[in-house]
2 protein chains.
Amino acid sequence: MESKIFQSFLGEKGLKLTKERIAVLKEVFSSHEHFEPEELYLRIKDSGSKASRASVYRTLNLLVESGLVEKVTRTEKSNVYEHTFGHSHHDHMICNGCGKIIEFYSEKLEALQNEICRGNGFIGKTHTLEIRGNCEKCIKAK
Amino acid sequence: MESKIFQSFLGEKGLKLTKERIAVLKEVFSSHEHFEPEELYLRIKDSGSKASRASVYRTLNLLVESGLVEKVTRTEKSNVYEHTFGHSHHDHMICNGCGKIIEFYSEKLEALQNEICRGNGFIGKTHTLEIRGNCEKCIKAK
DNA sequence: ATTTAATTGATATTAAATCTCAATTTCAAT
DNA sequence: ATTGAAATTGAGATTTAATATCAATTAAAT
Ligand SMILES: [Zn+2]
Ligand SMILES: [Zn+2]
Ligand SMILES: [Zn+2]
Ligand SMILES: [Zn+2]
């Protein structure tokens with residue numbers, strides 16, 4: 001099923017479904033755990049298939065683009081910091097169009113998160129919530 | 001004020017308040033924007049103070065440890081992925097003690113996030129919520 | 001002032017991710 | 001089945017963020 005979706009995603013972009021891409025896709029869907037690229041590369045090797053590191057990285061990017069896979073950690077090129085002393089806790093909305101960052105805070109949201117943590121026997125100390133989408137200006141521009 | 005806090009944080013750990021650390025702290029609190037380490041290093045140089053890249057990185061780690069600064073992006077050594085096709089959207093709690101990952105989903109939480117987005121004229125497409133803290137097992141172990 | 005331990009910075013190192021490019025493979029058209 | 005254009009591959013080079021090394025320097029307590 002996921003291979004059909006990947007195939008049509010590739011087709012629409014004029015890209016080809018190769019052995020290597022199939023090997024990566026298979027391995028990605030062979031487990032439901034989180035994984036890192038290097039680890040995936042080794043698993044593919046172990047499983048008897050073959051795909052170079054370069055192909056693993058390239059295919060992962062395609063899989064994310066296709067929507068079949070997501071990054072659990074959203075990384076920029078480097079770490080981003082902010083001083084927090086003197087600022088109350090807040091979360092972020094980031095516009096995919098213009099990069100605008102909206103900082104927001106919701107008492108209700110924080111309370112609900114705590115409630116959900118309690119329901120899982122978990123004590124939350126910190127959190128990061130990042131919402132990606134489009135800001136007012138970019139929506140109107142379309 | 002933040003320098004008093006940093007000073008006592010350093011004191012408790014038997015560390016020293018040096019010119020370089022003061023320069024980094026000053027620059028970090030000279031603006032309320034998000035920043036990257038390299039950028040901060042250049043700003044310090046421009047401002048007439050001096051601190052090597054090494055010291056900037058080292059001091060940033062201390063500032064995070066002290067609670068005065070936070071990472072906006074939580075990075076591991078490498079990117080982490082998961083396949084999402086065949087799985088419904090979920091968010092993550094991660095235990096600081098044992099690394100256990102709890103996946104959870106709350107209709108109510110998702111709805112509230114959407115409501116907050118609307119209130120900001122923002123249309124959210126995707127989001128990541130990561131809650132760090134301690135799981136049941138690790139709480140009991142103490 | 002002396003002593004001791006921490007700190008600095010230039011440089012080396014590590015490691016993730018991307019780039020390069022000649023050789024290979026795919027696939028649609030003959 | 002052959003051909004040819006275009007995409008893909010993989011080994012290795014490159015880039016770049018971040019950390020580690022270590023001799024020289026500095027902080028701060030006595
Ligand atoms: Zn929050
Ligand atoms: Zn912020
Ligand atoms: Zn969610
Ligand atoms: Zn997950």
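Residue numbering restarts at 1 for every chain, and letters A, B, ... go by the order of the sequence lines. Reckoned from all heavy atoms, side chains included, excluding hydrogens, waters and symmetry mates.
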Indicate whether the side chain of [X] and that of [Y] have a donor and an acceptor atom separated by less than 3.5 Å.
{"X": "B/Glu110", "Y": "B/His89", "answer": "yes"}
{"X": "B/His83", "Y": "A/Glu2", "answer": "no"}
{"X": "B/Ser55", "Y": "B/Glu20", "answer": "no"}
{"X": "A/His92", "Y": "A/Glu130", "answer": "no"}

Provide, to the nearest angstrom, the distance between the [atom1] atom belonging to [X] and the [atom2] atom belonging to [N].
{"X": "B/Lys45", "N": "C/dT8", "atom1": "NZ", "atom2": "C1'", "result": "16 Å"}
{"X": "A/Arg21", "N": "C/dT25", "atom1": "CZ", "atom2": "P", "result": "15 Å"}
{"X": "A/Leu40", "N": "C/dA17", "atom1": "CG", "atom2": "C1'", "result": "15 Å"}
{"X": "B/Arg53", "N": "C/dA12", "atom1": "CZ", "atom2": "P", "result": "15 Å"}
{"X": "B/Glu20", "N": "D/dA27", "atom1": "CD", "atom2": "C1'", "result": "11 Å"}

Collect all protein-nucleotide pairs involving nucleotides 11-18 of chain D in which both atoms are nitrogen or oxygen and the distance is under 3.5 Å.
residue, atom, partner, partner atom, Å
D/dA18, OP1, A/Asn79, N, 3.0
D/dA18, OP1, A/Asn79, ND2, 3.0
D/dA18, OP2, B/Tyr57, OH, 3.0

**Q.** Short side-chain to backbone donor-acceptor contact, B/Thr73 and A/Thr75, under 3.5 Å
**A.** no
**Q.** Listed partners of A/Arg43 passing salt bridge (Lys or Arg N to Asp or Glu O under 4.0 Å), at least two apart
**A.** A/Glu27, A/Glu39
Q) Once the angle between the rings of A/His90 and B/His34 is folded into 0 to 90°, is it parallel (under 30°), tilted (30 to 60°) or perpendicular (over 60°)? A) parallel
Q. Taking the inter-plane angle between the rings of B/Phe6 and B/Phe9 on a 0 to 90° scale, is it parallel (under 30°), tilted (30 to 60°) or perpendicular (over 60°)?
A. parallel
Q: Find the partner of D/dT30: check Watson-Crick (N1-N3 plus N6-O4 or O6-N4) and G-U wobble (N1-O2, O6-N3) distances, both under 3.5 Å, and reply none if neither fits.
A: C/dA1
Q. Considering only heavy atoms, which members of residues 5-19 of chain B lie under 4.0 Å from some atom of DNA chain C?
A. B/Gly14, B/Leu15, B/Lys16, B/Thr18
